[in-house]
Every structure is written in structure tokens, then in C-alpha cells.
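Step one of this worksheet: look at the structure below.
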Protein chains: 2
Amino acid sequence: MTDTDELLSIRAAELYYEENKTQDEIGTVLRLTRWKVGRLLAQAKASGFIRIEIVHPRARRLSVERRLREATGLTDAIVVSSAGVSGDEELQSRTAQAAADYLTGLRPVPRTLGISWGRTLHEVSLHLKQGWANGVNVVQINGGVSLNRRAGTAAATAVTMAHKASGAATLLPSPAILERLETKRAIEADRSVGAVLKLGASASAYLFSAGQADQNSALVDSGYLTEEQVAELVRKGAVGDIVGRYIDSNGNIVDPELDERTVGIPLEQLRNAKTAIAVIAGSSKHAIARAVVGSGLCTVLVTDEDTALAILGEHA
Amino acid sequence: MTDTDELLSIRAAELYYEENKTQDEIGTVLRLTRWKVGRLLAQAKASGFIRIEIVHPRARRLSVERRLREATGLTDAIVVSSAGVSGDEELQSRTAQAAADYLTGLRPVPRTLGISWGRTLHEVSLHLKQGWANGVNVVQINGGVSLNRRAGTAAATAVTMAHKASGAATLLPSPAILERLETKRAIEADRSVGAVLKLGASASAYLFSAGQADQNSALVDSGYLTEEQVAELVRKGAVGDIVGRYIDSNGNIVDPELDERTVGIPLEQLRNAKTAIAVIAGSSKHAIARAVVGSGLCTVLVTDEDTALAILGEHA
DNA sequence: ACCGTGCCTGCTCAGATGAGCAAGATTGCC
DNA sequence: GGCAATCTTGCTCATCTGAGCAGGCACGGT
């Protein structure tokens, strides 16, 4: 009997959603009252037989966002749909777009915005519209990418963001990681660097991404770390890095000595920030995303559906 | 402006379909009148941003069925959905189930049902419910599968179908293809075979599947043809076989000499039949399905969504 | 500037739909 | 078999939604 009902609900759903007939008409066809049809339809929906997807690059998953907020205590969560997406690349692009949208709508508008650098953030900067805000000053909060062959990407990110918001960009003129602790102390003590760090510490909002801990890390790519060093970090439990600092799945610094030599605001600053927006997308970043959210490193997460589900533990 | 509207329609769709808010509530949230929301939603649907799928093994694609009927002049078309299907196997199983359903609902109930044999039809027989009809006699219409290691499948198919309909099965006691024309003539002349063929010719409905023309063909598997012979047939334009007879994409016999040695009712009998139900599923059978439908070998087609779209030329 | 054309907006109204309710059917239990 | 608990059915009513229409607005030609 239940079996018959299930089959009927499928027939009804076909007529309702594919042929868009009215429930009354369906009732006539299937020899049922229109109320029965309504109930069958409701049953089909409840059983999950009806799948409704919004296929659009800007589509979000509100229900996942809500669950994420509830489960993690995030102030806000933006989850872009991965319906109809081919690869990680498009996922990251969609997420960057969503981050740009979020930033544009952010209230109160931050006077000073602290940002990290990387592929993701650069893409965010490109997606921002001219005039997305008026008078936002952008400060880099961790050491730069100067060793990179694509030198200037980090600077371009900050400059673009500031320019499009009629604000000024303040760059952090320092490597990301220094080889000797003394050098790091010295450079931090220097006025030009110290002042920027102090400005960064006073930012009204932060925007940063995360890197996975493997040989594809931007820090390896930029020459600050070797593949072996990253492998060693992974052995010690590292799942990725935030503003140049490697953390484990609990959000703790993996290698305090290395961390000491890393130039940028400390993680505590992010944890205490009123607004810390993390933008993390792609299947390789599920672990670091979970660590960031789980350890309270951000108040807002912008991510893709799969990563969000991974954080919720529904997609392992 | 249109860009803004598109984005709004996506936001509206999210709230409507994911959060199932009323259009009025959405209007409040997005600061729009409820009519505007209604129009945005309509626009989103029209643009194809809203995809509704019925995910269920028994789900059909009524719109495709309709288009197929209109494009080909088929009396009836049954197209099972391939939403959420992993492989060809499940597709074939679903299609077999649908064929069993169709057969069960077929009116007028055929007194005599002529069937071929094969994996697909056997699966159909298994999906039929006890008592699917009352008093249907089942006749084999083409030569058997006796050389097969799983000898008896063909017989079992007919017997099962007949038994479940409280009818009798009549088997065709003959190989599918004979090596010498004389032998074929002789066996046909034999009372035991001739009578069955005559019965088959008078069937009130036919149910058959199709085989693709490659080394996986059931005829190769059963030992009636060698892989080389099939390769030669393909060179001559064969796309597959129906009741043991190889046809090209126009529905014409590929090798008349071979065909002469094949035991079973001629294709003309199917072409002239009032009810000829073809059950064809799987990505490897797109070509033969197109040939069967295109050359009027069946009046009813039961198939999967991808094959149907291939026939319609919408899925190349 | 003026006017016409055509799109967009907000509305009325009727049809479609879901919530809730009471009567009837079914099941399980003694 | 009798009875109670539960589920199902058909209904009323309030709400939601889409069709169609009149007025308003923007745009382009003269």
C-alpha cells in the first residue's frame, strides 16, 4: 500500500513539476481527489524525491549557511552552491565573487581593512566593483610575496581593493618568513614595518584566506619554505596556514619556532577581532577550513557548499 | 539593470525554494513588491536557473516522452529518468521495470505475446508481478540461446512471463542462426518449429529488445557469431540486431545471406504489427535505438532518458 | 520640447494550494 | 468479536499565487 502510494506520488510529481498541471487535473488523471494529490506531493517532497537546484554562479545555499551558523556560532556564513560546477577553479571563482559581494554589503563599512594575500584574495579584489565602498583603507597583515615570480600580486590585491573603494593601501614591506629570529625582530622593530603592523592591529575588519599544507602551498611556491619543511609540518599535524602561520586541526600553532620567525599580526588578533572574514574554497581546503572555523579564527566564513558540508561533517 | 534583476531573481529563488518563504515575505526581505518577486521567480524559471529533478528509480520524463511521440510518430514512449543514476546497469534495470509496468497496464490485454530473448527481456520478466495479467500466452519469436553457458535464460524469460500471467509459454526449439541455409529451411519446415513461427506471426503484441553490434553482442556471447563476423557486419553498416537480425541505421538488413539463415519472424512482421514494444536501454544502444524507431520497427519504445535524447538528436 | 511607442509597475480578481478539522476506516489488542 | 487508538479521507476556509489590465515611466524620433 505504501509502495503504491510512493509510485503514485512520483506520477503526481511528474505531472505537477514536469507538465505543470494543477493538482486538480492530476487528480482527474490519476483518479484521486485533489487533496490526496496534494498530500502525495508533500510526501514526495518530504521523502526527498523532489530535488530543486538553483543553477547559477551566484547561487547560495541558505539552508547550509543557517546550519553552519547554528553549528559553529559564526556571525555569518556565505555558502556558494556547487550545483553544476565542473572543477575546483570555478568553485574558487564563485566563492571569491561571493566574498566580494559580502564585503560590498558589509555594515558598518570598515574604516581599515586588514588583508592577507594569495590567489583567492587577489580574485576577490578583481571581483570587487569600482566604488564598492567609499574611503576604506586597506592594510596588509602578513609578510609579502616578494620572492614570487609573480611578484606584485600581493601588492596589487591590496592596491586594487583600496583603489576601488577610494581608499589608500598600506603595504607591509617585509618577507613572510625570515630565516633568523634576530632578523625578524629587527625588521619588526623598524619603523616602516612596525607602524604597518600596528595599523593592521587596529583594523576594523579582517579579510583573509587560507592555504592547504602541502607542496602546492603558496609559501612553498614563493620560496619561503621547502617541500620538505612543509612535509615536516604535516607530520607535526599541520592542516594549513592562515596569514602565513601553520596550524593543526585544533587551530594551534604547529611549530612555535617557525611561527616566531613569521612576520604579521598574531592569530590572537584575528580571534579577538569583531569582524574576521575567512574566504576558503576548494576540496583541498576542507581540513584547514574546519580548523579555522572550529578554533574561532573567523567570525564570518565565505566558502563553497562541499567545504561547508565537510565542516558540518555531512560529507566526510 | 538586467544584471541586478538576474541576481535578485536568484536571491528570490533561494528564499522561495530553499527556505520556502512566501513571495510576500521575500518581498519584505528584498524590499520589493510581491508582484515583482513573482515576476523575478518566473524569470528565473524561464531562464532555466531553477532545475527540478524527480530522483526516484521509477521516475519518468514525461516531457521527453511527449517530444519523442511527436517527433517519431510512436504510439507511445516511456522514458525513465536517469537522474542520480550511477551506471548503465541501473539504467537498464529501471528501463526493464518501466517495461514491466507498461506491459501490466497495456490495454487491450494481448492474448498472445511474441517475445525475443536477452538480458533485458529477462529482467523485464523478473520485474513483472505475479498476476500482471490473466491468461496471456507467450511465444518466442526468434531462435534460442541454447549454445549459451547460461542455457535456459531465454526459456526462463518466456516461462516466467507466461506463468505470472496464468498463461502458457511456447518456446521456439531452434538455434538463432544456422550455418547452412538448407538446415535452416529444413528446421523451419519441421512441424514443431513451423507451428511456433506461425503462432508468433499471429501474436497480438510483440515485446523485444535490441543488441548493439560489437563483441559484447549476445549473439557472439552465445556462440552464433564470431567477433570477426560482427566486425564485418559493422563494416557493412550494422548498428545492432533485432530478434537476431542485424540492421543498419536505416533499418535495413545488413547481410541478406546471413539473415536468410536466421530463424525467427521477419522484421516486416514487426513493422506491420499493431503493438510492437521495443525495450532498449544503455549508452551503447543509442545507435540501434535510433535505427529501430526511425525505421518503424516498433510502435512503443521503452528506454532511458539519454537514449531518448540521442534519438531526438539533442544529446548527440 | 513634444509626442508616440513600448516596457515596467502595481493592482484586481479568480484560481490554486496548504492548514486544520471532523468523520470514517483500519489496526492492534484483549 | 468488541473496543480503543491511530491513520486516512474529504472537507472548509484562509492564504498564496498567476493572469490580465490600467496607469506611469523612459526612450527615441521629429
Side-chain angles (χ1 to χ4, degrees), chain A residues 1-56 58-63 65-67 81 105 129-131, chain B residues 1-56 58-63 65-66 81 101 105 129-131:
Chain A
M1 208 39 79
T2 299
D3 190 37
T4 308
D5 259 23
E6 183 171 313
L7 199 50
L8 272 177
S9 75
I10 296 301
R11 296 287 154 260
E14 286 161 359
L15 293 164
Y16 192 71
Y17 291 106
E18 283 210 49
E19 304 287 275
N20 41 257
K21 293 196 184 297
T22 143
Q23 297 187 359
D24 217 353
E25 290 175 299
I26 297 172
T28 310
V29 175
L30 300 180
R31 292 151 194 276
L32 300 166
T33 61
R34 97 189 151 74
W35 297 283
K36 177 74 179 172
V37 174
R39 283 177 184 124
L40 286 172
L41 250 18
Q43 193 186 312
K45 259 194 253 179
S47 313
F49 297 148
I50 314 295
R51 182 193 293 166
I52 302 185
E53 276 182 344
I54 304 174
V55 189
H56 191 281
R58 307 284 276 268
R60 282 164 49 188
R61 298 299 319 278
L62 301 186
S63 59
E65 294 179 357
R66 183 158 23 77
R67 275 184 288 155
S81 164
K129 282 229 178 71
Q130 182 64 45
Chain B
M1 203 43 78
T2 299
D3 190 39
T4 308
D5 259 23
E6 184 171 313
L7 199 50
L8 271 177
S9 76
I10 296 301
R11 295 287 155 261
E14 287 161 1
L15 293 163
Y16 192 72
Y17 291 106
E18 283 211 50
E19 304 286 273
N20 44 261
K21 294 197 184 297
T22 148
Q23 297 188 358
D24 216 354
E25 290 175 301
I26 297 172
T28 309
V29 175
L30 301 181
R31 294 152 193 275
L32 300 166
T33 61
R34 96 187 149 76
W35 297 284
K36 178 73 179 170
V37 174
R39 282 175 186 127
L40 287 172
L41 250 19
Q43 193 186 312
K45 259 194 254 180
S47 314
F49 297 149
I50 314 296
R51 176 152 76 204
I52 302 184
E53 276 182 344
I54 304 174
V55 190
H56 191 281
R58 308 283 276 266
R60 282 163 51 187
R61 298 299 321 278
L62 302 186
S63 59
E65 295 180 358
R66 183 157 23 75
S81 163
D101 290 349
K129 282 231 176 71
Q130 182 65 46

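What's counted below: heavy atoms across the whole structure, side chains too, no hydrogens, waters or symmetry copies. Within every chain, numbering begins at 1; the chains are lettered A, B, ... in the order of the sequence lines, protein sequences first and strands thereafter.
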Could you give the distance from [atom1] ([X]) to [atom2] ([Y]), rounded to the nearest 0.5 Å?
X       : Y       : atom1 : atom2 : result
A/Ser81 : A/His56 : OG    : NE2   : 11.0 Å
A/Leu32 : A/Ile26 : CG    : CD1   : 9.5 Å
B/Leu30 : B/Leu7  : CG    : CG    : 10.0 Å

- Query: What integer distance in Å separates B/Leu8:CG from C/dC8:P?
  - Reply: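 Whole-Å distance recorded here is 14 Å.
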- Note on the structure: Scoring nucleotides 8-24 of chain D by protein non-hydrogen atoms under 4.0 Å (B base, S sugar-phosphate only, - none) yields -BBBB---SBS-B----
- What pairs meet the side chain to side chain donor-acceptor pair (under 3.5 Å) rule with one or both residues in residues 11-25 of chain A, with sequence neighbours excluded?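 Those involving residues 11-25 of chain A are A/Arg11-A/Glu14, A/Glu18-B/Arg61, A/Glu18-B/Ser63, A/Glu19-B/Arg66.
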- Query: Which heavy-atom pair separates A/Ile54 from A/Ala59 by the least distance, and what is that distance?
  - Reply: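 Result for this residue pair: O-CB, 3.5 Å.
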- Task: Using the test side-chain contact (heavy atoms from CB on, under 4.5 Å), find all partners of A/Val55 that sit at least two apart in sequence or belong to another chain.
- Result: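 With sequence neighbours excluded, A/Val55 shows a side-chain contact (heavy atoms from CB on, under 4.5 Å) to A/Glu53, B/Arg51, given in chain and number order.
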- Only counting residues at least two apart or in another chain, list the ones meeting side-chain contact (heavy atoms from CB on, under 4.5 Å) with B/Thr28.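 With neighbours one apart ignored, the set is empty.
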Donor-acceptor contacts under 3.5 Å from residues 39-50 of chain B side chains, at least two apart:
from	atom 1	to	atom 2	distance (Å)
B/Ser47	OG	B/Gln43	O	2.7

- Could you tell me, to 10°, how much the axis swings from one end of the helix from C/dA1-D/dT30 to C/dC30-D/dG1 to the other, five pairs per end?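 Computed angle between terminal axes is 30°.
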